[in-house]
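All values reported here derive from a predicted model rather than from experimental measurement. In each ligand, atom 1 is the first atom listed, and ligand 1 is the first ligand listed.
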Amino acid sequence: MIRPTWEELPSDVADAVQAQCGPVLKADSATAGIMPGVAARLDLEDGGTVFVKAITDGHEAAALHLRERWAGWNLPSEAPAPRMLWADTVAGWHVMVWQHVDGARHADLSPGSLDLPAVLDAMVLLEAVLTPCPSGATPVGSNVASLLVKARRLLGGPVGDLPDRGLYEVAIERLDLSDLRGDTLLHYDLSAGNLLVTDQQVSVVDWSFAARGARWLEAALFAPRLVEAGHRPGDVDELLSTLPAWRSAPRDAVTGMAAAWTLFRRYKARYGPQEVRRARARAAQAGRAWLTYQQTN
Ligand SMILES: Nc1ncnc2c1ncn2[C@@H]1O[C@H](COP(=O)(O)OP(=O)(O)O)[C@@H](O)[C@H]1O
Ligand SMILES: [Mg+2]
């Protein structure tokens with residue numbers, strides 16, 4: 001994905017950011033992430049660094065930026081996340097400036113990785129400090145609704161178009177959305193690229209999908225990512241069982257979410273932007289393995 005760069009922002013935006021942070025010497029666009037919009041590290045004249053995100057109002061992803069802005073203002077200081085330093089809408093651009101996590105790399109989620117205990121610790125901390133949920137959060141049902149739209153489109157497609165249709169149909173039918181309600185602020189998108197590691201400390205970035213929901217849901221959504229990173233589904237279950245919230249997860253809801261998560265990715269693998277199709281197909285394959293495990297154990 002080609003992001004717009006810091007240099008392409010209107011001068012009013014650059015001026016507003018520099019009024020907050022001081023002069024910017026250099027900008028480096030993030031190469032990770034699949035969302036459109038400016039996302040860049042700014043090196044400042046005073047030797048500091050910040051991370052800027054910006055998108056035009058009216059862009060289809062603008063709502064996600066505004067949601068991240070909401071999270072930035074509402075995350076408690078104990079959350080394992082950088083602080084948002086400033087945000088505003090300037091010259092038709094929604095702009096956020098975050099602390100930059102210096103010297104970080106993306107978490108390695110593969111089996112045996114030393115990052116795994118740190119990531120699980122960060123998840124325990126997240127749940128503790130994000131319960132009860134700050135007021136004004138988007139209900140997670142609205143995130144899940146967008147998964148289900150795509151899921152139902154595939155399920156309603158021509159017979160033969162979707163191998164294992166039955167597997168998904170049963171799981172989605174049994175998904176009771178009221179099980180997803182809760183009083184925890186969920187990050188909802190704990191991909192390796194959103195988990196930044198420095199000295200085995202984890203900082204969680206990219207709060208665009210932050211939503212209020214059931215405490216176990218974060219782990220349920222993280223599970224297929226662990227499978228994708230090379231873990232056997234049974235081992236994922238065992239790893240997650242160290243999280244107190246996981247034990248309260250209703251089985252039908254976990255299975256239904258596995259199906260919705262997987263079908264959404266299958267849909268994107270088929271109809272999404274060309275450059276993400278392969279990655280989406282890999283994720284869908286992992287999701288299917290996790291779903292099958294849930295249905296047979
Ligand atoms: N505060 C930050 N400090 C350092 N790097 C960051 C920060 N926020 C994001 N990044 C880096 O930029 C990448 C893209 O940013 P992200 O907020 O995840 O955008 P996207 O919505 O495109 O996924 C992240 O994967 C991470 O590598
Ligand atoms: Mg991201």
Side-chain angles (χ1 to χ4, degrees), residues 1-6 8-9 17 20-21 24 26-44 47-57 59-75 77 79-87 93-109 115 118-119 122-123 126 138 143 146 186-211 218 221-222 224-225 228-229 261 264-265 268 272-273 275-276 279-280 282-283:
M1 191 198 57
I2 301 182
R3 296 180 183 279
T5 62
W6 161 256
E8 288 169 71
L9 286 169
V17 169
Q20 297 297 322
C21 309
V24 172
K26 182 169 171 273
D28 262 314
S29 276
T31 47
I34 58 168
M35 297 302 288
V38 174
R41 189 190 75 201
L42 303 181
D43 293 347
L44 307 173
T49 47
V50 291
F51 195 80
V52 67
K53 289 182 82 167
I55 200 156
T56 47
D57 189 19
H59 192 287
E60 60 180 359
L64 296 176
H65 269 239
L66 292 177
R67 207 194 293 200
E68 186 169 17
R69 180 196 289 192
W70 175 88
W73 292 137
N74 285 280
L75 284 175
S77 57
R83 305 269 77 80
M84 191 174 74
L85 303 172
W86 175 79
W93 285 75
H94 301 308
V95 192
M96 295 179 266
V97 175
W98 290 78
Q99 288 176 337
H100 182 261
V101 186
D102 290 329
R105 57 181 171 77
H106 294 163
D108 171 4
L109 301 179
D115 294 349
V119 169
M123 289 174 73
L126 280 178
T138 305
N143 296 21
S146 16
L186 306 163
H187 179 277
Y188 189 85
D189 189 22
L190 294 182
S191 63
N194 291 338
L195 296 164
L196 303 189
V197 182
T198 38
D199 299 329
Q200 249 71 60
Q201 292 285 327
V202 174
S203 263
V204 183
V205 298
D206 194 1
W207 291 81
S208 344
F209 290 96
E218 199 83 89
L221 294 162
F222 186 53
R225 299 196 184 273
E228 191 183 352
W261 191 97
F264 178 84
R265 282 157 179 81
K268 293 287 181 180
E275 67 273 17
V276 302
R280 294 299 201 171
R282 265 198 313 271

Is any side-chain heavy atom of [X] less than 4.5 Å from a side-chain heavy atom of [Y]?
{"X": "Leu221", "Y": "Leu190", "result": "no"}
{"X": "Thr138", "Y": "Phe209", "result": "no"}
{"X": "Trp207", "Y": "Met96", "result": "no"}
{"X": "Cys21", "Y": "Leu42", "result": "no"}

Euclidean distance, Asp57 CG relative to His65 NE2, rounded to 0.5 Å
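His65 NE2 to Asp57 CG: 12.0 Å, rounded to 0.5 Å.
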
Please confirm whether Pro82 comes under 4.0 Å of ligand 1, counting heavy atoms of the residue only.
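So Pro82 counts as touching ligand 1.
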
Against ligand 1, does Arg41 come closer than 4.0 Å with any heavy atom?
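Contact check Arg41 vs ligand 1: negative.
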
Run the numbers for me: atoms of ligand 1, each under 4.0 Å from some heavy atom of [X], listed by number.
{"X": "Ala30", "result": "12 (O), 13 (C), 14 (C)"}
{"X": "His106", "result": "25 (O), 26 (C), 27 (O)"}
{"X": "Lys53", "result": "16 (P), 17 (O), 19 (O), 21 (O)"}

Look at atom 18 (O) of ligand 1 and find which of Leu196, Thr31, Asn194 reaches it with the closest heavy atom.
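Ranked by closest heavy atom to atom 18 (O) of ligand 1, first place is Asn194.
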
Establish, from distance only, whether the side-chain atoms of Thr5 and Glu8 form a donor-acceptor pair under 3.5 Å.
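Checked: Thr5/Glu8 side chains pair up, N/O donor to acceptor below 3.5 Å.
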
Do Ser191 and Asp189 get their side chains close enough for a donor-acceptor pair, meaning under 3.5 Å?
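Result is no, nothing qualifies.
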
Looking at Trp73, I'd like to know if the NZ or CZ of Arg69 sits under 6.0 Å from its six-membered ring centre while staying within 45 degrees of the ring's axis.
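Geometry flag: not set, cation outside 6.0 Å or 45°.
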
If we only look closer than 2.8 Å, how many protein N, O or S atoms does the Mg ion (ligand 2) have near it?
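Near the Mg ion (ligand 2), the number of protein N, O or S atoms below 2.8 Å is 2.
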
